[in-house]
Amino acid sequence: MEQRHLGRTGLRVSRIGLGTLTWGRDTDEHDAADVLKTFWDAGGTLVDTADVYGDGEAEYLLGQLMERLVPRRDLVIATKAGSVPDPDRRFDGSRGHLLAALDASLERLGTDHVDVWQVHAFDAATPLDETLQALDLAVASGRARYAGVSNFSGWQLAKAATWQLAAPGVRTRLASTQMEYSLLQRGVEREVLPAALDLGVGLLPSSPLGRGVLTGKYRRAVPPDSRGGSQHLAGFVAPYLDEASGRIVDAVATAADGLATTPLQVALAWVRDRPGVVAPIVGARNAQQLAAALSVEALSLPDEIRRALDDVSAPVHRYPDQDWSTL
């Protein structure tokens, strides 16, 4: 699998990443082992997780598999901290919480460091410099090799990245930002992606298949064994089952027919090759689903198909998203 640099750093990662959101909950140990082995055999290196996935079970399961299945040195492990199960405070970016969460993640993973440590979301109740100092301390102590953020808006990312760049050699530059990005969700193109490109921060798209909708599986009905048919993930899929999304899915299916490939491959190739993208994070319940996604490695979309997909899914850009003189 082709490797790409993570932002403006020397770290190289596979251009498709493996997500573990469902590990320890919907994906059991047997399926997780098959998925990880399939990913590794294909040359995949970047594995993304978080301390809240499966209430910690995803990290624990990954640690067990690294101990007996895939060598730790062959993987780039990215995890996150900052989300908390508190209805009154969903995110905690305090230095104390983040560093304690990192120590707990390392224990579950069975390793002395993670390769990329990410703040899971912006915490308006904590001064940003305090949150970022936790990243500096993690890297300085060797517990993390690189640092990133997740779910930061454009101004939040720009502020954080600029703060880190203001003291080179003292503060850790941001290597990445993880955001939802797909043909069904192009909101990052308004502010986040321009900031990331300008500041040398690599984009790691989550849900690159539109929460599964871009595979075409929901075109006629909601399969009972799908995320959209599950009790705890139905609400996650529902926003992309509207008429506007349906038109985009139809266009993807038409492109796939013309290329003799699948909607999954077309949608994934589109986001993988967008400017600023390093590696879409793909979640798969089993090895068969993952293998279907990894087969996109051989596909590059023709320019005319890419432009057609750009047009049919184009987000609305108005002032101040664009240069005011063009409006």
Quiz item: Who passes side-chain contact (heavy atoms from CB on, under 4.5 Å) against Thr162, sequence neighbours left out?
Solution: Leu199
Quiz item: Would you say Ser14's side chain and Thr45's backbone share a donor-acceptor pair under 3.5 angstrom?
Solution: yes
Quiz item: Is it true that the side chains of His120 and Ser150 contain a donor and an acceptor less than 3.5 Å apart?
Solution: no
Quiz item: Just by distance, do the side chain of Arg211 and the backbone of Phe236 share a donor-acceptor pair under 3.5 Å?
Solution: yes
Quiz item: Can you check side chain to side chain contact (heavy atoms under 4.5 Å, CB included) on Leu183 and Val252, steps first, answer last?
Solution: CA-CA 9 Å; Leu183 279 162; Val252 170; 3.6 Å; yes
Quiz item: From Thr215 OG1 over to Gln289 CD, what is the distance, rounded to the nearest 0.5 angstrom?
Solution: 8.5 Å
Practice problem: Check each of Leu11, Asp48, Thr79 against Val116 using the side-chain contact (heavy atoms from CB on, under 4.5 Å) test, and report the only one that passes. | Solution: Leu11
Quiz prompt | Flag if over 12 foreign heavy atoms under 6.0 Å of CZ, Arg219 | solution = yes
Practice problem: For residues 190-200, pull every pair meeting side chain to side chain donor-acceptor pair (under 3.5 Å), keeping only residues two or more places apart or in separate chains. | Solution: none
Self-check item: Joint cluster assignment, Leu6 & Leu193, ILVMFWY side-chain distance < 4.5 Å
Solution: no
Self-check item: Joint cluster assignment, Val188 & Val278, ILVMFWY side-chain distance < 4.5 Å
Solution: no
Self-check item: Lys37 and Asp41 ion-paired at < 4.0 Å
Solution: yes
Quiz item: Do Asp136 side-chain atoms and Thr172 backbone N/O form a donor-acceptor pair below 3.5 Å?
Solution: yes
Self-check item: Asp55 with Arg25: basic N within carboxylate O range, under 4.0 Å
Solution: no
Quiz prompt | Between CD on residue Glu59 and OG1 on residue Thr111, distance to nearest 0.5 Å | solution = 11.5 Å
Quiz item: Is it the case that one hydrophobic cluster holds both Val119 and Val139, taking links as side-chain heavy atoms less than 4.5 Å apart, direct or via other members?
Solution: no
Exercise. Decide yes or no on side chain to side chain contact (heavy atoms under 4.5 Å, CB included) for Asp112 and Leu106, but give the supporting numbers first.
Key: CA-CA 6 Å; Asp112 63 354; Leu106 293 176; over 6 Å; no
Self-check item: Set of residues satisfying side chain to side chain donor-acceptor pair (under 3.5 Å) with respect to Ser300, sequence neighbours excluded
Solution: none
Exercise. Enter the distance from Ile281:CD1 to Leu21:CG here, rounded to the nearest 0.5 Å.
Key: 12.0 Å
Self-check item: Residues Asp31, Trp23; criterion side chain to side chain donor-acceptor pair (under 3.5 Å); working and verdict
Solution: CA-CA 9 Å; Asp31 284 336; Trp23 285 25; over 6 Å; no
Quiz item: What heavy-atom pair brings Val312 and Ala251 nearest, and what distance separates the two atoms?
Solution: CG1-CB, 3.9 Å
Quiz item: Does Trp163 have any side chain to side chain donor-acceptor pair (under 3.5 Å) partners at least two apart in sequence or in another chain, and if so, which?
Solution: none
Quiz item: Looking only at atom types and distance, does a side-chain atom of Arg247 sit under 3.5 Å from a main-chain N or O of Asp250, one as donor and one as acceptor?
Solution: no
Quiz item: ring pair (Phe, Tyr, Trp, His ring centres under 6.0 Å): which pairs involve residues 37-73, sequence neighbours left out?
Solution: none
Self-check item: Stepwise salt bridge (charged side-chain N to carboxylate O under 4.0 Å, His left out) check, Glu67 with Arg72
Solution: CA-CA 7 Å; Glu67 184 175 303; Arg72 168 68 181 90; over 6 Å; no
Quiz prompt | Shared hydrophobic cluster for Leu268 and Met1 (ILVMFWY, side-chain gaps under 4.5 Å) | solution = yes
Exercise. Identify whether Val35 and Val76 are in the same connected component of the hydrophobic contact network (ILVMFWY, side-chain heavy atoms under 4.5 Å).
Key: no
Quiz item: Are the charged groups of Arg12 and Asp115 less than 4.0 angstrom apart, N to O?
Solution: no
Quiz item: If you round to the nearest 0.5 Å, how far is CZ of Arg143 from CG of Asp103?
Solution: 4.5 Å
Quiz prompt | Flag side-chain contact, heavy atom, 4.5 Å: Leu214 against Val249 | solution = yes
Quiz item: Going through the distances and angles, do Asp242 and Ser245 end up as a side chain to side chain donor-acceptor pair (under 3.5 Å)?
Solution: CA-CA 5 Å; Asp242 61 2; Ser245 297; 2.7 Å; yes
Quiz item: Does one side chain, of Arg95 or Gln133, offer a donor that lies under 3.5 Å from an acceptor on the other?
Solution: yes
Exercise. Please assess Leu301 against Trp270 for the test side chain to side chain contact (heavy atoms under 4.5 Å, CB included), listing each intermediate value before the final yes or no.
Key: CA-CA 7 Å; Leu301 297 180; Trp270 181 88; 3.8 Å; yes
Exercise. List in chain and number order the residues that pass side-chain contact (heavy atoms from CB on, under 4.5 Å) with Thr126, two or more places apart in sequence or in another chain; answer none if no residue qualifies.
Key: Arg89, Ser94, Asp123, Glu130, Thr131
Self-check item: Shortest non-hydrogen separation from Val201 to Ser176 and the atoms involved
Solution: CG1-C, 3.4 Å
Quiz prompt | Evaluation steps, side chain to side chain donor-acceptor pair (under 3.5 Å), between Gln178 and Asn151 | solution = CA-CA 6 Å; Gln178 187 171 153; Asn151 299 308; over 6 Å; no
Exercise. Carefully, step by step, assess Glu297 and Arg15 under the rule salt bridge (charged side-chain N to carboxylate O under 4.0 Å, His left out).
Key: CA-CA 9 Å; Glu297 184 68 15; Arg15 65 175 180 170; 3.2 Å; yes
Practice problem: Report the distance from atom CZ of Arg274 to atom CD of Glu189, rounding to the nearest 0.5 Å. | Solution: 4.5 Å
Quiz item: Which heavy-atom pair separates Trp117 from Ala134 by the least distance, and what is that distance?
Solution: CZ3-O, 3.6 Å
Quiz item: Between Gly43 and Gln3, which heavy-atom pair has the shortest distance, and what is it?
Solution: O-NE2, 3.6 Å
Quiz item: Any donor-acceptor pair under 3.5 Å linking the side chain of Arg90 with the backbone of Pro87?
Solution: no
Quiz prompt | Check against side chain to side chain contact (heavy atoms under 4.5 Å, CB included), Leu184 and Leu209 | solution = CA-CA 8 Å; Leu184 297 183; Leu209 297 174; over 6 Å; no
Exercise. For Leu46 and Ala78, work out which heavy atoms get closest and say how close.
Key: CD1-CB, 4.2 Å
Quiz item: Where do Arg306 and Asp310 land on the salt bridge (charged side-chain N to carboxylate O under 4.0 Å, His left out) test, with the steps shown first?
Solution: CA-CA 6 Å; Arg306 177 183 52 78; Asp310 288 352; 3.5 Å; yes
Quiz item: Less than 4.5 Å apart, any side-chain heavy atom of Ser83 and any of Phe91?
Solution: yes
Practice problem: For Lys80 and Thr49, indicate whether the former's side chain and the latter's backbone hold a donor-acceptor pair under 3.5 Å. | Solution: yes
Exercise. Check whether any side-chain N or O of Gln185 sits under 3.5 Å from a backbone N or O of Gly187 as a donor-acceptor pair, and report yes or no.
Key: yes
Exercise. Might you point out which heavy atoms bring Val271 and Pro208 nearest each other, and give the distance in Å?
Key: CG1-CB, 3.7 Å
Quiz item: Would you say the side chain of Leu135 lies within less than 4.5 Å of the side chain of Gln118, judging by non-hydrogen atoms?
Solution: no
Self-check item: Gap between atom CG of Leu165 and atom CZ of Arg8 - 0.5 Å precision
Solution: 8.5 Å
